[in-house]
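Below is one structure, written out as structure tokens; comments come after it.
In this text, all values refer to a predicted model and were calculated from it rather than measured experimentally. Start at 1 with the first residue, then count along the sequence.
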Amino acid sequence: MTMFRDLSVLWSLFHILILFMTLYRSRYSQKKTFLLTGIVMGMLIFLNVGGLALYGTEVMGKVYILTCTIPSLLFFWFISKDRNGRFFFTFCTVDTVALWIITVTNIADFYFGGERYILMLAGRLVLFPLVEWVAIRYIRKAYIELQESVPNGWGIFACMTAFYYVLLAIMGNFPVIITARPQELPAFLLILVLMPMTYATIFTSLYRQLLLYRKQQAERVLQEQKNTLEAQLSSQQQIRKMKHDMKGYIATLSGLLASEKIKEAQEYLKGVELEAGVLLGQFCTNPYLNAVLVHYSQKFQELDADCRVDIQVGEEELPYMELCQILSNGLENACDAARELAEEEREVSVQMKYSKDYLLIRIRNRCGDSLHVEKGAMPVTKKKGHDHGFGLMTVQEAAERLDGEMFCYTENGNFVLDVMLPRHSFRKGLAT
């Protein structure tokens with residue numbers, strides 16, 4: 001009979017690994033992750049099954065936190081991409097669900113299976129694959145997306161799941177196994193019923209956070225489209241104005257030349273050329289980047305802000321979608337900051353240049369004295385409305401798509417946005 005017990009334990013430990021690996025994110029490749037997991041967890045499973053055969057269920061039930069839970073926690077923490085509340089919540093959730101199945105099948109076998117372990121094995125053969133199917137079919141995709149999109153707020157959920165795990169472990173095995181304490185079984189059964197209800201509440205809350213993130217993503221896309229359309233409209237208006245003014249310029253030049261005032265005509269032509277350069281905005285040879293720069297230079301001109309532009313790229317092929325996102329959102333933030341300042345304090349500078357194998361983008365603008373941002377932190381917007389607070393997040397996401405980094409900080413009364421993009425990543429941006 002003990003063969004069925006040992007098989008059920010081995011089955012449980014194996015499927016705990018499967019369930020966990022469907023929900024967490026490893027920092028290594030899939031092949032390396034499976035190799036490391038097979039070696040380390042295979043040894044751990046072998047040792048625990050051996051201990052079960054030597055010392056029995058009651059002894060191993062009291063020490064399995066030390067022989068199984070903590071070692072596996074340390075191993076998966078080492079290979080996990082997330083080393084914060086997201087990881088601990090995932091780990092504790094999987095372990096608690098597995099412990100719940102193990103405990104329920106233990107009780108069912110004691111009272112209904114005559115302790116022959118057949119019912120225990122049958123229950124686990126059904127319940128573990130069922131939970132994995134639910135996880136893969138309904139939870140995995142949304143849960144992975146949630147881990148990628150929501151960096152904060154996981155700590156309280158991780159603490160709650162850890163509490164349930166410890167509660168089940170203590171109530172089920174101390175001072176003796178729960179089946180040897182029938183007077184405490186009703187309270188223990190209530191805990192077993194309450195735990196799935198609590199988990200349903202947690203996942204409902206997490207799903208609402210995912211829906212909120214998707215809504216914010218959609219709003220960011222709409223804001224990007226709005227900025228693009230505004231830039232295109234501004235460019236079209238400038239072209240129409242230039243066409244209209246050109247008739248007057250030609251008439252004036254014709255009059256000067258007819259009067260043989262060559263010197264005056266040359267001076268006038270230089271003025272026309274200068275004004276055309278301002279209107280058309282020859283900041284960059286890349287038409288997409290130039291459209292963004294022209295649009296925002298006009299905005300800064302309307303604000304009487306001192307705007308300096310130094311663009312040393314554009315001849316080569318560039319991932320303009322991501323670069324336009326970075327420029328437009330960074331410059332939009334600079335516009336918002338300029339509006340809050342006195343006219344004589346409004347200053348903005350934009351730089352784009354190469355340094356070895358990296359494209360460096362820096363947007364610097366004057367900001368209020370109350371703003372203080374440490375390097376590596378993300379400032380929180382004080383503005384109200386659905387279209388505020390997403391600019392820097394969009395910049396960061398665009399940089400990450402090109403394997404780059406974004407930093408922002410305040411320095412000497414200026415807000416500085418730095419973006420560093422490796423040149424080899426441009427092929428990725430162009431491919432998309």
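- With a 4.5 Å cut-off on side-chain heavy atoms, Asp306 and Phe300 do not count as touching.
- A heavy-atom distance below 4.5 Å is not found between the side chains of Asp357 and His424.
- Between the CG atom of Asp95 and the CZ atom of Phe88 there is a distance of 12.5 Å, given to the nearest 0.5 Å.
- Between the side chain of Asn290 and the backbone N or O of Asn286, no donor-acceptor pair lies under 3.5 Å.
- Residues satisfying the ring-ring contact (aromatic ring centres under 6.0 Å, His included) criterion with Tyr24, sequence neighbours excluded, are Phe20, Phe76.
- To the nearest 0.5 Å, atom CG of residue Leu189 and atom CE of residue Met171 are 9.5 Å apart.
- Scanning for salt bridge (charged side-chain N to carboxylate O under 4.0 Å, His left out) contacts around Arg362 gives Asp418, with sequence neighbours left out.
- Within the model, atoms CD of Glu322 and CG of Leu402 stand 4.5 Å from one another, a figure rounded to the nearest 0.5 Å.
- Judged by distance alone, the side chain of Thr33 and the main-chain N or O of Ser29 form a donor-acceptor pair under 3.5 Å.
- Scanning all heavy atoms of the two residues, the minimum distance from Cys335 to Leu303 falls at O-CD1, 4.1 Å.
- The side-chain hydrogen bond (donor to acceptor under 3.5 Å, both in side chains) test applied to Asn333 returns no partner, not counting sequence neighbours.
- Residues Tyr296 and Ser328 approach most closely at OH-O, 3.3 Å, considering heavy atoms.
- Residues passing the salt bridge (charged side-chain N to carboxylate O under 4.0 Å, His left out) test with Glu145 are Arg214, sequence neighbours excluded.
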### Message
Between Tyr358 and Arg423, does the side-chain contact (heavy atoms from CB on, under 4.5 Å) criterion hold? Intermediate values first, please.
### Response
CA-CA 5 Å; Tyr358 288 87; Arg423 296 184 70 169; 5.8 Å; no
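- Counting heavy atoms from C-beta on, the side chains of Val348 and Arg308 never come closer than 4.5 Å.
- More than 12 heavy atoms of other residues, nucleotides or ligands shown are found within 6.0 angstrom of CE on Met21.
- Note that OG of Ser8 and CD1 of Ile102 are 8.5 Å apart. Values are rounded to the nearest 0.5 Å.
- Remark: the backbone N or O of Val373 is paired with a side-chain donor or acceptor of Thr410 at under 3.5 angstrom.
- Leu10 CG to Arg124 CZ: the interatomic distance, rounded to the nearest 0.5 Å, is 11.5 Å.
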### Message
Could you go through Ile363 and Leu331, starting from their C-alpha distance and side-chain angles, then the distance that decides it, and tell me whether this counts as side-chain contact (heavy atoms from CB on, under 4.5 Å)?
### Response
CA-CA 7 Å; Ile363 300 175; Leu331 292 171; 4.1 Å; yes
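- Checking side-chain atoms of Arg364 against main-chain N and O of Leu417 turns up no donor-acceptor pair under 3.5 Å.
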Using distance only, find each side-chain donor-acceptor pair of residues 127-141 under 3.5 Å and give its atom names and separation, not counting sequence neighbours.
{"residue": "Glu132", "atom": "OE1", "partner": "His15", "partner atom": "ND1", "Å": "3.2"}
{"residue": "Glu132", "atom": "OE2", "partner": "His15", "partner atom": "ND1", "Å": "2.5"}
{"residue": "Arg140", "atom": "NE", "partner": "Thr22", "partner atom": "O", "Å": "2.8"}

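- Thr93 and Tyr165 are not linked by any side-chain donor-acceptor pair at a separation below 3.5 angstrom, with hydrogens and angles left out of the test.
- Across all non-hydrogen atoms, the minimal contact from Val419 to Ala399 is CG1-CB, 4.0 Å.
- A pairwise comparison of heavy atoms in Ala158 and Phe89 identifies CB-N, 3.6 Å as the closest pair.
- Between the side chain of Ser425 and the backbone N or O of Leu421 there is no donor-acceptor pair closer than 3.5 Å.
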### Task
With side-chain contact (heavy atoms from CB on, under 4.5 Å) as the test, would you mind laying out the steps for Leu73 and Phe87 before giving the verdict?
CA-CA 10 Å; Leu73 172 67; Phe87 166 76; 3.6 Å; yes
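- For Gln266, the side-chain hydrogen bond (donor to acceptor under 3.5 Å, both in side chains) criterion is met by no residue, not counting sequence neighbours.
- Among all heavy-atom pairs drawn from Ile326 and Ala398, the shortest one is CG1-CB, 3.9 Å.
- A heavy-atom distance below 4.5 Å is not found between the side chains of Val9 and Asn48.
- Every residue two or more places apart in sequence or in another chain was checked for a salt bridge (charged side-chain N to carboxylate O under 4.0 Å, His left out) with Asp310, and none qualifies.
- Side-chain atoms of Leu185 and Ile107, non-hydrogen and from C-beta on, do get closer than 4.5 Å to each other.
- Here side chain to side chain donor-acceptor pair (under 3.5 Å) pairs that include residues 187-199, with residues two or more places apart or in two chains, are Thr96-Tyr199, Tyr164-Thr198.
- The side-chain heavy atoms of Trp11 and Ile16, taken from C-beta on, include no pair separated by under 4.5 Å.
- A donor-acceptor contact shorter than 3.5 Å is absent between the side chain of Asn106 and the backbone of Met120.
- Under a 3.5 Å cut-off, the side chain of Ser297 and the backbone N or O of Val294 do form a donor-acceptor pair.
- The number of heavy-atom neighbours closer than 6.0 Å to CZ of Phe203, taken from other residues, nucleotides and ligands shown, is above 12.
- At most 12 heavy atoms of other shown residues, nucleotides or ligands fall within 6.0 angstrom of atom CZ in Phe163.
- Sorted by first and then second residue, the side chain to side chain donor-acceptor pair (under 3.5 Å) pairs involving residues 342-356 (not counting sequence neighbours) are Glu316-Tyr354.
- Using modelled atom types, one side-chain atom of Trp100 and one backbone atom of Leu192 make a donor-acceptor pair closer than 3.5 Å.
- Looking only at side-chain heavy atoms (C-beta outward), Phe188 and Leu168 come within less than 4.5 Å of each other.
- No more than 12 heavy atoms of other residues, nucleotides or ligands lie within 6.0 Å of CG in Asp369, so this atom counts as exposed by the packing criterion.
- Annotation: Phe174, atom CZ; neighbour count of heavy atoms from other residues, nucleotides and ligands within 6.0 Å is above 12.
- Here the shortest heavy-atom pairing between Ser72 and Met41 reads CB-CE, 3.6 Å.
- By the side-chain hydrogen bond (donor to acceptor under 3.5 Å, both in side chains) test, Thr103 pairs with no residue at all, sequence neighbours left out.
- The structure places CG of Leu99 at 11.5 Å from SG of Cys92, a figure rounded to the nearest 0.5 Å.
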### Task
Evaluate the side-chain hydrogen bond (donor to acceptor under 3.5 Å, both in side chains) criterion for residues Gln396 and Arg401: first the C-alpha distance (whole Å), next the side-chain angles of each, then the deciding distance (0.1 Å), finally the verdict.
CA-CA 9 Å; Gln396 187 174 52; Arg401 285 199 300 273; over 6 Å; no
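- By the side-chain contact (heavy atoms from CB on, under 4.5 Å) test, Gln147 pairs with Arg25, Asp82, Arg86, Thr90, Tyr143, Ile144, Trp154, sequence neighbours left out.
- The closest side-chain heavy-atom distance from Glu317 to Phe426 is not below 4.5 Å.
- Applying the salt bridge (charged side-chain N to carboxylate O under 4.0 Å, His left out) rule to Glu267 yields no partners; only residues at least two apart in sequence or on another chain are considered.
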